[in-house]
Amino acid sequence: MALAKRQTKWGHKGLLEVRAFLFAYYLRAAMQNSDDKLKKIISHCKEYGYVFPSSEIYDGLSATYDYGQYGSELKNNIKEYWWKAMTRLHENIVGIDAAIFMHPTTWKASGHVDAFNDPLIDNKDSKKRYRADVLLEDYIKKLEAKNDKEVEKAKNKFGDAFNEEQFRATNPNVLRNQEKINTVESRMKAALEASDLVGLKELIEDLEIADPETGSRNWTEVRQFNLMFSTELGSVAGDAATIYLRPETAQGIFVNFLNVQKSGRMKIPFGIAQIGKAFRNEIIARQFIFRMREFEQMEMQFFIKPGTDGEWYNYWKDARINWHKALGMGTENYKFHDHLKLAHYANAACDIEFNFPMGFKELEGIHSRTDFDLGNHEKFSGKKLRYHETESGESYVPYVIETSIGLDRMFLATLTYAYTEETLEDGSERVVLRIPPALAPVKVAVLPLLNKDGLPEKAREIVDQLKLYFNLQYDAKDAIGRRYRRQDAIGTPYCITIDHDTLNDNCVTIRERDSMQQERVSIDRVREIVEAKVSMNVLLGKLV
Ligand code: ATP
């Protein structure tokens, strides 16, 4: 009798949860206020073991964070997705792991000693420091957002008959804003290209840009600030011993170009991928893990024949946006943005921007770096860094297309998409992390309904069967509803519940995170059901 009762209750609860889900789905959009979303993500990350402020017991260190037990798993999964997409899905891409410290001449050759600067400006009243180019970019973004709003309004008004292109070309408000955007962009580009710091200051003043936090317009002059951290090697002080913490991982790839090409008998076109830490003494390091001074990059340099750069640049733009979109985090959340000012090494460059809580911002850069880096390393090292083409007998310094994505920004993009607050039909609330299942830190939670009557032992058996395949969590504490909520908050795609019936019929209840749908299945099928959803190979399969 007790068994029958529990079954009815379970069935009913499952139904309730599905209805609640539908209700919650409609409430979701309204509930989320993007202004405080970043704050909510930060506190969720701390509460649930994703990200902690670094050295917190000493009150933390500005813009420095530690990844916790779930955060490091998520990071590893993102890395795996990127690494395999690069090295397994492309026969002609291999990976390396170069040292963080490099010979100091590397950074002279790469241009970082002379040109890795940001234009900084201080507000005299608030004493806050900003990047002058970022203040201007934010100004442009505000105008773009105004235009998007106008378009949205008109779209709603005219419905199917709406022609966006025509509207943008004729609406006076949109045209006025667009003209302003063009003027600001061209003045900013000219000033940045000429390193005209006075011009940048003038532009900020002409546009009456104020300190975003205090509204003050009392600015200092604009100054250049080099972003590299330097330190000393060994015990000898002085210039000769000054070395830098690498500000990008790319140079470790360039200096190893010939080592890899020769030892791997690589033929052009080929790529070298690397994941590793990079360090930049950022002028402003705010917005959580979006901009840090110590961060991790996933970079790939693709070596090509000069003259094929346009073609390969487009190839990598497509390949990279497809990599992002395969995760299912909303195609509307990505945008390409062409660089206004090209870096000293590039002849074409764009960013893939993601819709972060602070708006669309750079997530990844794709750069056509010409032969700048290899050419300069040749000059500075005196060593030939050329590729000899056996078929044609030609010898040349290869051109390079680079794809460069910040692992921490990818982490933040994932959480931005995933973090969802829902009000269920019964009025209760749940926070769920809808992390793409292949990236989720824990794939399955195994939950004995009660912590007695042989249920924990049965649950442990299941853990033993599955632990070789998935990262699992066993949890027998608290009421089942609370345990579900805990797993939702961590982003676990599946919960498996073991009840008294399991001991007789060898079946468990499997609950899916996003729909909260529950199904009774045989234990033998659990692995296959979970695998179909969480497998990295299934995700990678979308790219081939
Ligand atoms: P930004 O304009 O935001 O400073 P960037 O153009 O200097 O970025 P790149 O040099 O192209 O960045 O670096 C490649 C990627 O590394 C960026 O797309 C970003 O994801 C990541 N990245 C760069 N700087 C940081 C940082 N300070 N903290 C976290 N990630 C970073």
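When reading the values below, keep in mind they use all heavy atoms of this one structure, side chains included, and skip hydrogens, waters and symmetry mates. Each ligand, and each atom within it, is numbered from 1 in the order the structure gives.
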Residue, atom name and distance, where the atom is the protein heavy atom closest to [atom]:
atom: atom 10 (O) of ligand 1; result: Arg280 NH2, 2.9 Å
atom: atom 21 (C) of ligand 1; result: Gly406 CA, 3.6 Å
atom: atom 29 (C) of ligand 1; result: Phe290 O, 3.2 Å
atom: atom 19 (C) of ligand 1; result: Arg409 NH1, 3.5 Å
atom: atom 22 (N) of ligand 1; result: Phe295 CE1, 3.5 Å

Is there a nitrogen or oxygen of [X] sitting under 3.5 Å from a nitrogen or oxygen of ligand 1?
X: Glu299; result: no
X: Glu362; result: yes
X: Ile289; result: no
X: His339; result: no
X: Ile405; result: no
X: Arg293; result: no

Just to verify, which of Lys383, Lys384, Arg386 counts as forming a salt bridge (charged side-chain N to carboxylate O under 4.0 Å, His left out) with Glu378? Arg386

Leu363 heavy atom under 4.0 Å from ligand 1: yes

Does Arg131 come within less than 4.0 angstrom of ligand 1, counting non-hydrogen atoms of the residue?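 Contact check Arg131 vs ligand 1: positive.
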
Using only heavy-atom distances, determine whether the side chains of Thr370 and Asn347 contain a donor-acceptor pair under 3.5 Å. no

Enumerated ligand 1 atoms positioned under 4.0 Å from heavy atoms of [X]:
X: Met292; value: 26 (C), 27 (N), 28 (N), 29 (C)
X: Glu282; value: 24 (N), 26 (C), 27 (N)
X: Ser404; value: 13 (O), 14 (C), 15 (C), 18 (O)
X: Gly365; value: 18 (O)
X: Glu364; value: 18 (O)

NZ/NE/NH1/NH2 to OD/OE distance under 4.0 Å, [X] and [Y]:
X: Asp122; Y: Arg223; answer: yes
X: Lys40; Y: Glu421; answer: yes
X: Arg168; Y: Asp148; answer: yes
X: Arg280; Y: Glu294; answer: no
X: Lys201; Y: Glu205; answer: yes
X: Glu56; Y: Lys46; answer: yes
X: Lys335; Y: Glu353; answer: no
X: Glu296; Y: Lys75; answer: yes
X: Lys361; Y: Asp138; answer: yes

Report the part of [X] (side chain from C-beta onward, or backbone N, CA, C, O) that has a heavy atom under 4.0 Å from ligand 1; answer both or neither where that applies.
X: Arg291; answer: both
X: Gln297; answer: side chain
X: Glu248; answer: neither
X: His367; answer: side chain

Test the Arg320-Trp323 pair against the cation-pi criterion, namely NZ or CZ under 6.0 angstrom from the six-membered ring centroid and within 45° of the ring axis.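 Satisfied, under 6.0 Å and within 45°.
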
Heavy-atom count check: over 12 atoms from other residues, nucleotides or ligands less than 6.0 Å from Lys542 NZ? yes

